[in-house]
Chemist: 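Below you'll find the structure I mean.
Order of appearance sets the numbers: ligands from 1, and atoms from 1 within every ligand.
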Amino acid sequence: MQEGMCARFRLRPRFATYRAMSETNSKTIQGRTGPWEIVLGLEVHAQVASNAKLFSGAAVGAGGAPNSQVSLVDAAMPGMLPVINRHCVEQAVKTGLGLKAQINTWSRFDRKNYFYPDLPQGYQISQFKDPVVGEGEVIVERDDGSTFTVRIERLHLEQDAGKSLHDQDPNFTYVDLNRSGTALMEIVSRPDMRCAEEAAAYVKKLRTILIYLGTCDGDMEKGNLRADVNVSVCRPGAYERFRETDDFSHLGTRCEIKNVNSYRYIQQAIEYEARRQIEILEEGGSISQETRLFDPGKNETRSMRSKEEAHDYRYFPDPDLLPLVLDPAWVKAIEATLPELPDAKKARLQAQYGLTAYDAGVLIIEQARANFYEEAARGRDPKLTANWVTNDLAARLTAGGFDIEDSPIKPAGIAELVQLIEEGVISSKIAKDVFERMWAGEGTASEVVEKAGLRQVSDTGALEAIVDALIAANPGQAAAVKDKPQAIGWFVGQVMKETGGKANPGAVNQLLRAKLGL
Ligand code: ADP
Ligand code: MG
């Protein structure tokens with residue numbers, strides 16, 4: 001197995017007994033009593049990209065003063081009636097189509113009853129038995145370029161709650177209802193991920209798809225995309241039996257870790273939780289199904305509530321809302337607006353430009369990056385162009401904190417640089433220098449080459465003089481090359497040194513071979 005995905009478990013003293021098994025099966029955790037495997041299913045909450053809330057016209061978006069984006073509906077004033085926001089439904093349908101999922105033309109909103117200070121209604125409007133989107137799938141790339149499929153169970157629409165603020169006053173808790181009533185899509189996966197890295201890769205891919213679709217901004221720091229992570233452990237073979245029969249009794253009891261909002265925390269939470277469960281099971285205990293919280297400071301999960309304490313939500317259809325009935329023609333019309341999605345784009349980049357799955361996979365992470373590449377690659381060597389976009393340019397952009405749209409070097413700039421390399425005007429090595437100067441604003445590729453005198457010396461006459469002088473000055477080396485032809489590299493190096501790296505390596509090699517009689 002490659003480094004990267006499902007990498008071996010790092011040891012920590014407390015869990016010293018759980019050592020990674022072998023390089024060939026690092027999904028397995030070696031316990032004291034034998035090997036264990038992890039099973040993971042995720043519930044991802046994605047805030048719908050929308051200017052207004054799910055059932056009111058109040059504005060959505062961070063930045064407003066507390067309680068400045070709250071309609072009477074969001075504040076749950078008596079007698080207020082919710083009205084479904086067509087745009088939010090469209091976004092959910094679009095997302096369903098992007099996940100290759102079943103779109104349910106008949107769905108329904110239910111009340112999920114519970115009390116929370118930041119939920120003024122006393123219930124959340126959600127979808128329970130009849131979600132707007134049914135089964136779909138997401139194809140996920142591992143770091144080594146291989147892929148696996150995560151099945152989607154459902155996607156439903158629901159309201160977000162407000163925010164309790166505990167740090168404003170020593171004696172009081174304040175409430176900010178700006179977020180109250182904001183539309184969320186809850187995307188529930190089947191338990192198809194087998195290690196922490198796979199779970200993180202799934203969320204990454206899902207995020208990319210949502211951003212392509214324009215249905216969620218994917219801002220995890222703001223909590224606009226967050227995951228509830230369900231973790232269980234089982235013995236080898238049990239998962240395969242589950243997949244054959246779809247009978248959950250083959251799996252271990254799961255614990256759900258709520259609201260994890262970074263790839264790193266997702267992985268840390270899973271690794272901690274799996275070890276915790278194994279330790280309990282190996283000591284003869286059993287796992288009780290419960291909801292847990294991840295504490296990044298302590299790098300551990302803590303119990304929030306057990307199944308016994310779980311709420312009885314007393315779901316029932318919201319009598320204020322009619323069933324949501326979609327016109328199939330409307331769904332078709334939405335389908336027609338879908339952009340080229342990451343998987344299709346990746347396949348096309350591979351077919352059209354002959355790129356590797358890896359290169360294509362890196363380019364499609366952002367639409368803008370793929371667009372930049374396609375513009376730069378027009379008429380140029382596609383592989384060489386991909387290298388410049390994914391390596392040198394990407395590194396510079398990351399270091400400078402730039403989005404590719406704001407790159408100081410535009411696609412035409414990369415194209416020109418690649419052209420100069422292709423035409424032998426500069427070597428790949430000199431091109432790095434040219435690139436840095438372009439980045440620093442010294443001019444276009446050809447301007448930099450001319451100004452700084454970086455044009456590659458392919459002129460045999462000029463090179464010949466240097467080669468002759470070198471051979472004459474180093475008769476010993478010249479003689480040695482005859483027995484050991486690889487030693488020609490020393491001469492190439494010397495010529496490069498004398499020309500400041502500007503000699504055309506092909507021309508130099510040819511000349512040296514002729515002169516040294518190889
Ligand atoms: P709930 O609302 O009670 O959390 P859901 O069915 O909506 O239940 O979601 C359950 C999530 O837990 C799904 O993502 C599912 O794939 C996952 N899951 C179910 N059983 C297991 C298990 N044994 N191990 C890991 N994940 C599981
Ligand atoms: Mg859940």
Side-chain angles (χ1 to χ4, degrees), residues 27 29 36-46 99 101 107 110-114 124 126-138 140 148-158 184-196 198-200 202-203 205-206 225-260 266-267 269-278 280-281 286-294 301 303-315:
K27 276 176 188 163
I29 307 171
W36 295 89
E37 289 182 0
I38 305 182
V39 177
L40 305 163
L42 266 60
E43 297 156 84
V44 171
H45 286 95
L99 302 177
S107 71
D110 298 277
R111 286 188 183 179
K112 182 177 182 180
N113 296 279
Y114 61 103
Q124 176 191 30
S126 182
Q127 297 190 300
F128 185 47
K129 285 211 183 71
D130 300 293
V132 64
V133 175
E135 291 180 1
E137 66 174 41
V138 177
V140 184
F148 65 99
T149 302
V150 173
R151 294 166 300 164
I152 300 298
E153 195 170 302
R154 58 188 276 152
L155 175 157
H156 66 254
L157 278 167
E158 63 183 30
L184 296 179
M185 296 180 280
E186 177 167 337
I187 304 168
V188 183
S189 86
R190 303 227 63 206
D192 288 356
M193 288 145 279
R194 307 304 313 284
C195 64
E198 284 191 358
Y202 162 70
V203 177
K205 183 62 181 284
L206 190 57
L225 188 75
R226 50 194 199 258
D228 296 346
V229 185
N230 294 273
V231 183
S232 69
V233 297
C234 60
R235 292 295 190 181
Y239 184 75
E240 286 67 25
R241 284 196 290 284
F242 159 72
R243 288 302 291 257
E244 278 159 26
T245 58
D246 213 22
D247 176 354
F248 279 81
S249 70
H250 291 297
L251 299 181
T253 303
R254 72 184 154 108
C255 289
E256 177 179 359
I257 308 158
K258 277 278 180 203
N259 276 332
V260 198
I266 288 172
Q267 298 193 46
I270 292 169
E271 291 185 7
Y272 174 87
E273 180 59 20
R275 290 190 187 99
R276 186 188 72 86
Q277 293 183 11
I278 291 171
I280 291 172
L281 292 169
S286 59
I287 305 301
S288 47
Q289 189 176 333
E290 59 182 2
T291 304
R292 300 179 70 84
L293 274 184
F294 178 63
T301 64
S303 182
M304 217 171 118
R305 55 174 183 262
S306 70
K307 193 184 181 188
E308 290 70 45
E309 305 162 52
H311 296 108
D312 173 2
Y313 292 118
R314 290 175 298 129
Y315 277 102

Chemist: Mind checking whether Val188 contacts ligand 1 via backbone (N, CA, C, O), side chain (CB onward), both or neither, at a 4.0 Å heavy-atom cut-off?
Modeler: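 For Val188, only side-chain atoms sit under 4.0 Å from ligand 1.
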
Chemist: Counting heavy atoms only, which of Gln289, Arg190, Glu43 is nearest atom 2 (O) of ligand 1?
Modeler: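 It is Glu43 that holds the nearest heavy atom.
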
Chemist: Is the closest N or O pair between Ser189 and ligand 1 shorter than 3.5 Å?
Modeler: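 Yes, at least one N or O pair falls under 3.5 Å.
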
Chemist: Examine the side chains of Arg254 and Asn230 and answer whether a donor and an acceptor come within less than 3.5 Å of each other.
Modeler: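 Judged by distance alone, the side chains do pair up.
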
Chemist: Can you sort out which atoms of ligand 1 are near Glu256, meaning under 4.0 Å from one of its heavy atoms?
Modeler: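 With Glu256 as reference, the close atoms of ligand 1 come out as 4 (O).
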
Chemist: For Leu251, counting its heavy atoms only, list the atoms of ligand 1 lying under 4.0 Å from any of them.
Modeler: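 That gives atoms 23 (N) of ligand 1.
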
Chemist: Are any of the N or O atoms of Ser232 closer than 3.5 Å to those of ligand 1?
Modeler: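 In this structure, Ser232 places an N or O atom under 3.5 Å from an N or O of ligand 1.
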
Chemist: Under 4.0 Å from a heavy atom of Leu42: which atoms of ligand 1 are those, numbered in the order shown and with their elements?
Modeler: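 Checking each atom against Leu42, I get 14 (O).
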
Chemist: Using a strict cut-off of less than 4.0 Å between a Lys/Arg side-chain nitrogen and an Asp/Glu carboxylate oxygen, indicate whether Arg151 and Glu153 qualify as a salt bridge.
Modeler: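 Glu153 and Arg151: not salt-bridged.
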
Chemist: What orientation do Phe128 and Tyr315 show, parallel under 30°, tilted 30 to 60°, or perpendicular over 60°?
Modeler: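 Parallel.
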
Chemist: I want to check something: taking the side chain as every heavy atom from C-beta on, are Arg190 and Glu135 in contact at a cut-off of under 4.5 Å?
Modeler: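 No, every pair of side-chain atoms sits at 4.5 Å or beyond.
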
Chemist: Below 4.0 angstrom from a heavy atom of Gly252, which ligand 1 atoms are there? Numbered from 1 as shown, please.
Modeler: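 Every atom of ligand 1 under 4.0 Å from some heavy atom of Gly252: 23 (N).
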
Chemist: Going by heavy-atom distance to atom 10 (C) of ligand 1, choose the closest among Arg151, Glu153, Arg254.
Modeler: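 Nearest option to atom 10 (C) of ligand 1, by heavy atoms: Arg254.
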
Chemist: Apply side-chain contact (heavy atoms from CB on, under 4.5 Å) to the pair Ser232 and Ile287, showing each step before the final yes or no.
Modeler: CA-CA 9 Å; Ser232 69; Ile287 305 301; over 6 Å; no

Chemist: For Thr245, check side chain to side chain contact (heavy atoms under 4.5 Å, CB included) against everything at least two apart and list the hits.
Modeler: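 Counting only residues at least two positions away or on another chain, Thr245 forms a side chain to side chain contact (heavy atoms under 4.5 Å, CB included) with Asp247, His250.
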
Chemist: What atoms of ligand 1 come within less than 4.0 Å of a heavy atom belonging to Val39?
Modeler: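 Those atoms are 24 (N), 25 (C).
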
Chemist: For a side chain to side chain donor-acceptor pair (under 3.5 Å) with Glu158, tell me which candidate from His45, Gln127, Lys112 qualifies.
Modeler: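 The single option meeting the side chain to side chain donor-acceptor pair (under 3.5 Å) with Glu158 is His45.
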
Chemist: Looking at Arg276 and Glu273, is any side-chain nitrogen of the basic one under 4.0 Å from a carboxylate oxygen of the acidic one?
Modeler: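 A salt bridge is present here (some side-chain N lies under 4.0 Å from a carboxylate O).
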
Chemist: Which of the atoms in ligand 1, numbered in the order shown and given with their element, are less than 4.0 Å from a heavy-atom of Phe248?
Modeler: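 In order of number, 19 (C), 20 (N).
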
